[in-house]
Amino acid sequence: MKVAIATDGVFPEAMGGMQRHSRLLAEHLARTGEVELTVLHPHPIGIFSAELGIREVHVPPIDTEKFYLRELWRYSKRMGEALEQAAPDVILSQGFCVWFGIKRFSEKLITHPHGLEMFQGVTKKERAFGAPFRMALRHIVRRSHVVVSLGGKLTGILQGVAEGSSCKVVVIPNAVDVPTTPRATHRVPGPLALLFVGRFAFNKGIDVLLEVARRLVAEGKGNEVRFDLAGTGPLYQQIKEEGVPANVRLLGRVDDAELASLYSSCDAFLLPTRFEGMPTVVLEAMAQAKPIFVSDVGATAEQVDATNGYLLPPGDAEALYQSVQAFGSLSPESRDRMGRHSFVRVTELFSWPAATRQFLRIFQETAKPAPH
């Protein structure tokens with residue numbers, strides 16, 4: 001079975017959850033030996049190990065200096081031409097990669113839109129900005145054979161988008177590589193350590209986190225909890241210049257080794273996001289047996305419940321504050337138990353072997369000729 005993955009970027013040549021997903025899914029599919037895999041991407045050829053046997057096709061990249069949606073359209077035109085040459089049995093399109101002339105591929109097209117941020121904007125500006133992206137995605141989904149949901153609230157959104165068309169909605173959650181046993185925790189004596197990893201943007205709720213941190217300092221509890229914030233983004237410099245409370249550390253961008261160390265040494269992971277798909281960083285923290293604080297958005301309710309953390313109303317600083325206080329009052333044994341629940345959950349539901357099997361099944365069903 002010939003399978004093509006169409007993507008606008010592959011990690012680490014391109015950063016982002018969808019780009020990381022493209023790399024890991026391709027590598028795990030190739031290792032099964034059950035597909036003849038082609039990955040079409042905008043990078044120089046040779047980003048995958050030769051031993052995997054992945055065929056790579058270069059598609060000239062998006063011009064990031066120009067209007068983004070129009071550039072996606074143009075990229076999809078170049079992608080379509082490359083796909084016609086590749087002639088796969090099944091196409092998995094990441095995001096908007098298969099759009100121009102989509103009807104050519106409809107019967108064998110699986111579209112994976114990932115986080116559906118364009119449907120989850122909070123402010124009027126975000127909703128207005130997302131409008132043309134929503135229109136484009138509706139066009140794509142309704143002409144696809146299958147559309148992949150990460151689960152949770154995202155499934156209902158996609159069912160509404162696909163309604164009245166022949167497109168089938170299937171749920172395949174995000175995944176991570178899960179170790180046989182979680183990495184040993186190396187805790188340093190001191191305050192409770194809560195880790196945030198993500199882009200410094202409004203939707204990630206960093207303002208909510210900082211409000212809680214400032215409140216703890218004002219109440220004389222600043223030495224009880226420390227917030228470690230890893231990442232950069234449009235708000236990073238502004239936040240740095242305005243100053244953060246003494247119980248917050250801005251770590252900037254960290255490499256994989258530093259990130260692994262941060263996961264190992266923290267007491268819990270924190271993501272007070274306003275909208276999301278199924279955040280990979282939450283799964284990474286779960287794979288290291290960490291309790292989780294996360295907003296109830298997108299598909300996060302599939303990841304977290306009362307056994308392994310706190311599912312919070314988005315944008316609610318009071319709820320986050322109360323949850324941090326409640327977690328701080330738990331015994332070390334209770335925190336460890338929450339962490340173990342995270343590890344068991346991610347192993348059973350969100351490992352790459354499980355996700356790869358689900359993709360293979362959908363590929364096989366899509367590649368079957370329609371009955372006459």
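The model shown is predicted, which means the values in this text are computed figures rather than measured ones.
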Requested in this report: Calculate, to the nearest 0.5 Å, the distance between atoms CD and CG belonging to E36 and L29 respectively.
Outcome: 13.5 Å
**Report entry** Side chains of E219 and Y321, donor plus acceptor under 3.5 Å
**Finding:** yes
**Report entry** Check: E276 main-chain N/O paired with Q120 side-chain donor or acceptor under 3.5 Å
**Finding:** yes
Report task. Report the distance from atom OG of S329 to atom CD of E224, rounding to the nearest 0.5 Å. Result -> 11.0 Å
Report task. Walk me through it: do V98 and L83 pass the test side chain to side chain contact (heavy atoms under 4.5 Å, CB included)? Result -> CA-CA 9 Å; V98 179; L83 283 168; 3.7 Å; yes
Report task. Give the cluster check for V147 versus L150: same hydrophobic cluster or not, with ILVMFWY residues linked at side-chain heavy-atom distances below 4.5 Å. Result -> yes
Report task. With R335 as the cation and F327 as the aromatic partner, state whether NZ or CZ is under 6.0 Å from the six-membered ring centre and within 45° of the axis. Result -> yes
Query raised in the report: Where the side chain of S334 meets the backbone of L330, is there a donor-acceptor pair that is under 3.5 Å apart?
Result: no
Requested in this report: For the pair L311 and Q303, evaluate side chain to side chain contact (heavy atoms under 4.5 Å, CB included) and give the outcome as yes or no after the intermediate values.
Outcome: CA-CA 9 Å; L311 202 58; Q303 301 170 297; over 6 Å; no
Requested in this report: Inspect the contact between R337 and E333 and indicate whether a charged nitrogen and a carboxylate oxygen are less than 4.0 angstrom apart.
Outcome: no
Query raised in the report: Would you call E258 and R253 a salt bridge, using N to O less than 4.0 angstrom?
Result: no
Query raised in the report: Looking only at heavy atoms, what is the nearest atom pair of A355 and P173, with distance?
Result: CB-O, 4.3 Å
Requested in this report: Determine, stepwise, if the pair E302 / R345 fulfils salt bridge (charged side-chain N to carboxylate O under 4.0 Å, His left out).
Outcome: CA-CA 10 Å; E302 306 287 318; R345 193 180 189 115; over 6 Å; no
Query raised in the report: How about Q364: does its CD atom have over 12 heavy atoms from other parts shown lying under 6.0 Å from it?
Result: yes
Query raised in the report: Can you find a side-chain donor-acceptor pair between R143 and H139 that sits under 3.5 Å?
Result: yes
Query - Sidechain N-carboxylate O distance under 4.0 Å for R70, D63 - result: no
Query raised in the report: According to a 4.5 Å side-chain heavy-atom criterion applied to Ile, Leu, Val, Met, Phe, Trp and Tyr, with indirect links allowed, do L154 and V281 form part of one hydrophobic cluster?
Result: yes
Query raised in the report: Going from CD1 on I5 to CD1 on I110, what distance comes out if it is rounded to the nearest 0.5 angstrom?
Result: 10.0 Å
Query raised in the report: When you look at N174 and H114, which way does the side-chain hydrogen bond (donor to acceptor under 3.5 Å, both in side chains) test go after all the steps?
Result: CA-CA 9 Å; N174 269 344; H114 289 268; 4.5 Å; no
**Report entry** Pair H43 and H58, ring centroids less than 6.0 Å apart
**Finding:** no
Query raised in the report: Are R74 and E71 within salt-bridge range, i.e. N to O under 4.0 Å?
Result: yes
Requested in this report: List the steps and the verdict of side chain to side chain contact (heavy atoms under 4.5 Å, CB included) for L229 and I206.
Outcome: CA-CA 9 Å; L229 280 59; I206 297 174; 4.0 Å; yes
Query raised in the report: Should R357 and R361 count as side-chain neighbours, where that means a heavy-atom distance under 4.5 Å?
Result: no
Query raised in the report: Do L92 and V59 belong together in a cluster built from hydrophobic side chains that touch within less than 4.5 Å?
Result: no
Report task. Taking all non-hydrogen atoms of both residues into account, name the closest pair between P88 and I91 and its distance. Result -> CG-CG1, 3.6 Å
Report task. Examine distances only and state if a side-chain atom of R78 and a backbone atom of P61 form a donor-acceptor pair shorter than 3.5 Å. Result -> yes
Query - Path from L209 to V217 over hydrophobic side-chain contacts below 4.5 Å - result: no
Query - Pairwise side-chain contact, V225 with V324, heavy-atom cut-off 4.5 Å (strictly under) - result: yes
Query raised in the report: Considering residues, nucleotides and ligands other than K221, do more than 12 of their heavy atoms fall under 6.0 Å from its NZ?
Result: yes
Query - Cationic N near anionic O, under 4.0 Å, E13 to R23 - result: yes
Query raised in the report: To the nearest 0.5 Å, how far apart are CD1 in I62 and CZ in F67?
Result: 12.0 Å
Report summary line: All heavy atoms of H112 vs all of F359, minimum pair found to be CD2-CZ, 4.0 Å
Query raised in the report: Are R249 and D228 ion-paired here, with the side-chain N under 4.0 Å from a carboxylate O?
Result: yes
Report task. List the atom of P314, the atom of D296, and the distance in Å for their closest heavy-atom pair. Result -> CD-O, 4.3 Å
Query raised in the report: Do Q19 and D8 get their side chains close enough for a donor-acceptor pair, meaning under 3.5 Å?
Result: yes
Query raised in the report: Does the side chain of V197 reach to within under 4.5 Å of the side chain of L262, using non-hydrogen atoms?
Result: no
Query raised in the report: Does K204 offer a backbone N or O that forms a donor-acceptor pair with the side chain of T273 under 3.5 Å?
Result: no
Query raised in the report: Is it true that the side chains of E81 and Q85 contain a donor and an acceptor less than 3.5 Å apart?
Result: no
Report task. For the pair K290 and D267, find out whether any cationic side-chain nitrogen is under 4.0 Å from an anionic carboxylate oxygen. Result -> no
Query raised in the report: Counting heavy atoms not belonging to M135, are there more than 12 under 6.0 Å from its CE?
Result: no
Requested in this report: Given side chain to side chain contact (heavy atoms under 4.5 Å, CB included), test V244 with L210 step by step and report yes or no.
Outcome: CA-CA 7 Å; V244 296; L210 291 174; 4.2 Å; yes
Query raised in the report: Donor-acceptor pair, D89 side chain versus K2 backbone, under 3.5 Å?
Result: yes
Side chains of residues 157-167: which donor-acceptor pairs under 3.5 Å do they make with residues two or more places apart or in other chains?
residue, atom, partner, partner atom, Å
S165, OG, A162, O, 2.6
S165, OG, C167, N, 3.3

Query raised in the report: For I47, does its backbone N or O pair with a side-chain atom of E56 as donor and acceptor, under 3.5 Å?
Result: yes
Query raised in the report: Between the side chain of K153 and the main-chain N/O of G277, is any donor-acceptor distance below 3.5 Å?
Result: no
Requested in this report: Classify the side-chain pair H341/D305 by whether it contains a donor and acceptor separated by less than 3.5 Å.
Outcome: no
Query raised in the report: According to the interplanar angle, ranging from 0 to 90°, do the rings of W352 and H21 count as parallel (below 30°), tilted (30 to 60°) or perpendicular (above 60°)?
Result: tilted
Query raised in the report: Does L312 reach the side chain of S323, with side-chain heavy atoms less than 4.5 Å apart?
Result: yes
Query raised in the report: With under 30° as parallel and over 60° as perpendicular, where do the rings of F196 and F200 fit, or are they tilted in between?
Result: perpendicular
Report task. Compare every heavy atom of Y75 with every heavy atom of P42, then report the nearest pair and how far apart it is. Result -> CD-OH, 3.4 Å
Query raised in the report: Taking R31 for the side chain and A26 for the main chain, is one N or O donor matched with an acceptor at less than 3.5 Å?
Result: no
Report summary line: Smallest heavy-atom separation, G80 atom then F105 atom, equals O-CZ, 3.5 Å
Report summary line: Rounding to 0.5 Å, atoms CZ (R104) and CG (L109) come to a distance of 11.0 Å
Report task. Verify, without hydrogens or angle tests, whether T7 (side chain) and G9 (backbone) share a donor-acceptor contact under 3.5 angstrom. Result -> yes
Query raised in the report: About how many Å separate OG1 of T347 and CE of M286, when rounded to the nearest 0.5 Å?
Result: 8.5 Å
**Report entry** Donor-acceptor contact below 3.5 Å, side chain S264 vs main chain A260
**Finding:** no
Query - F119-V297 co-clustered via ILVMFWY side chain contacts under 4.5 Å - result: no
Query raised in the report: Relative to the ring of Y263, is the ring of F269 parallel (under 30°), tilted (30 to 60°) or perpendicular (over 60°)?
Result: tilted
